[in-house]
Chemist: 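One structure, as structure tokens, below. Some questions next.
Chain naming here is simple, since letters A, B, ... match the order of the sequence lines and numbering starts at 1 in each.
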Protein chains: 2
Amino acid sequence: MVATKPAKAPAMPLDIAPIENVPLRVQVAEQLRSAILSGRLRPGTSLVETALAEQMNVSRTSIREAIQLLENDGLVESIAYKGKRVKPLTEREVAETYSLREVFEVMAVRRILENGAPLHQLRVHCDAMTDAAARGDFEGLVAADEAFHHSVIELADHALLLASWKSLYMRIHQIMALRNRDERNLEEVAGNHPPIVDALAAGDTDLAVRLISEHTQTLATFDPATIAQDP
Amino acid sequence: MVATKPAKAPAMPLDIAPIENVPLRVQVAEQLRSAILSGRLRPGTSLVETALAEQMNVSRTSIREAIQLLENDGLVESIAYKGKRVKPLTEREVAETYSLREVFEVMAVRRILENGAPLHQLRVHCDAMTDAAARGDFEGLVAADEAFHHSVIELADHALLLASWKSLYMRIHQIMALRNRDERNLEEVAGNHPPIVDALAAGDTDLAVRLISEHTQTLATFDPATIAQDP
DNA sequence: TGTTTATGGATTGTCGACAACACACAACCG
DNA sequence: CGGTTGTGTGTTGTCGACAATCCATAAACA
């Protein structure tokens, strides 16, 4: 075996886009998930397999399996022989979701401070948030905020934590989409993050934990009326 | 409507066991899950739908859906168009599982101390552990230990936390089944728990957190060789 | 009239058959 | 001999049809 080349030398180095083979159930799941997370499918809406199958022009099997995928995400609940529906969101569930998120993020912060991690990416996201806030770009701010927290979890270098956080954050997405976007001060939200990075850089565990904890709690406020669900 | 009776008066008050209608996929999932958690199906074992369908005498559909249920539990992983197999257990995953469990239990302890909760049940489980240890009953000790920790989580009164913990604890079950039962001192394991209850009763947050934290970490020790998987 | 028993429609659950796919190995050609 | 191109086999993916179940409403009965 010649060692100068990496095992396989492609005859055509041109990087043609690889056509990916995504199973139907996954495509269906993505569409439905997007609809739920964006609030187009409200909590309580019943999901009828036959109807969806016809509507999306796929077999009922694919719909079925897609819905089961959403069940794993905790976005759909099903009662045997009765039906499946978008999981209703109770006030209690919202509170639990945010409290668990807080624990996740605090855990991440602790791990980052224990094991060390490059903080550059966090600063990039902070800047993105500041820019978005300056532009009055709400969507951009939200996206950058998610990217920031996602990075925090990633830096903790804990695959299970990351997976759990992602699953949890989905519901947070949904909640945020359902609630009237209370136009709180964009600048303020953006400004909340740099101190967290600073505390991490300074190695100040207590401060970092307190800041991230307060921050996640802040966003947990919500108005129950805004997440009323369909029967 | 007459108000003296609760809506429906059963003609036969005899409490006959209601024959429950469990979907096939669930029965299949329970069997497979039990096999995985007990170590009869080792990590890495590939699960072939057709084979299982014939073996268990149900349609491939039911097997398929059952396996997807196990995927939700994180016990099975699947690669599209290639196959499904019992999720391999890496040393890292084991460590992550136990560290996340620690965070869950610490969270539970904190909540119990904040909101208050009756501790009677915990004492009962402690006694059961002591008894089992005195009898040299390993199985009994493990069962009581799980019951104790389950109760701790339940007392935290947090449905999402409880669900997450249950899912996580499944893997701990699996790990314990796979590892050579290192006959550590039964009395010692049993003795670790009452101080936790005492700290809870005394309202000593720091001590309770430290005790539960140390306790979960203790059990995280394992020998990688004992969880070697099949190809 | 009040209670029980059919009956119908809507929905999920289960099935067997066929299609799509990935991989390994044989056949072919320079 | 090296590399490419068929071909076969085992697996998952998708489908449409039928069975089981639940619920509401109507019919039958005392």
Side-chain angles (χ1 to χ4, degrees), chain A residues 1-13 18-32 44-71 76-87 230-231, chain B residues 1-13 18-32 44-71 76-87 230-231:
Chain A
M1 186 189 290
V2 184
T4 51
K5 286 184 180 179
K8 286 184 181 178
M12 190 193 287
I19 71 166
E20 37 194 297
N21 195 348
V22 184
L24 261 185
R25 60 165 183 271
V26 175
Q27 298 182 44
V28 172
E30 277 169 0
Q31 280 210 34
L32 290 179
T45 307
S46 71
L47 302 173
V48 179
E49 295 170 359
T50 329
L52 287 173
E54 192 165 356
Q55 191 173 336
M56 303 183 72
N57 201 36
V58 296
S59 132
R60 199 161 71 85
T61 307
S62 302
I63 299 285
R64 234 178 124 67
E65 299 196 339
I67 288 182
Q68 222 185 349
L69 288 177
L70 297 179
E71 247 180 291
V76 169
E77 90 183 347
S78 95
I79 307 163
Y81 293 103
K82 282 238 210 139
K84 332 226 176 190
R85 58 176 180 173
V86 181
K87 204 173 189 179
D230 301 351
Chain B
M1 186 189 293
V2 183
T4 52
K5 287 184 182 181
K8 285 183 181 179
M12 190 193 290
I19 70 164
E20 33 194 298
N21 194 347
V22 184
L24 261 186
R25 60 165 185 271
V26 176
Q27 297 182 43
V28 171
E30 277 169 0
Q31 280 211 31
L32 290 179
T45 307
S46 73
L47 302 173
V48 180
E49 295 170 359
T50 12
L52 287 173
E54 192 164 356
Q55 191 174 335
M56 303 184 72
N57 201 35
V58 295
S59 131
R60 199 161 71 84
T61 307
S62 302
I63 299 286
R64 230 178 127 68
E65 299 197 338
I67 287 182
Q68 222 186 350
L69 288 177
L70 296 180
E71 249 180 288
V76 169
E77 90 184 345
S78 94
I79 307 165
Y81 290 105
K82 282 237 210 143
K84 331 223 177 193
R85 59 177 180 174
V86 181
K87 204 174 190 177
D230 301 351

Chemist: Are any side-chain N or O atoms of B:Q27 and backbone N or O atoms of B:V22, one a donor and one an acceptor, separated by less than 3.5 Å?
Modeler: yes
Chemist: Spell out protein contact along nucleotides 12-19 of chain D as letters: B when the base is contacted, S when just the sugar-phosphate is, - when no protein heavy atom is under 4.0 Å; keep the 5' to 3' order.
Modeler: BBBBBB--
Chemist: Just the rounded figure in Å: distance from C1' of C:dT12 to CZ of A:R85.
Modeler: 16 Å
Chemist: Locate the shortest heavy-atom distance separating A:E71 from A:V76; write the atom from each residue and the value.
Modeler: CG-O, 3.2 Å
Chemist: Write down the atom of A:A66, the atom of A:A29, and the distance for their closest heavy-atom approach.
Modeler: CB-N, 3.6 Å
Chemist: Tell me, do A:R25 and A:Q68 make a side-chain contact under 4.5 Å, heavy atoms counted?
Modeler: no
Chemist: Report yes if some heavy atom in the side chain of B:V28 is under 4.5 Å from a heavy atom in the side chain of B:L52; otherwise report no.
Modeler: no
Chemist: Rounded to the nearest angstrom, tell me the gap between atom CG in A:N21 and atom C1' in C:dC23.
Modeler: 15 Å
Chemist: Rounded to the nearest angstrom, tell me the gap between atom CD in A:Q68 and atom C1' in C:dG13.
Modeler: 12 Å
Chemist: Considering non-hydrogen atoms only, spot the tightest contact between A:R85 and A:S46 and give its length.
Modeler: CB-CA, 3.7 Å
Chemist: Whole angstroms only, please: what is the CD-C1' distance between A:E20 and C:dA20?
Modeler: 17 Å
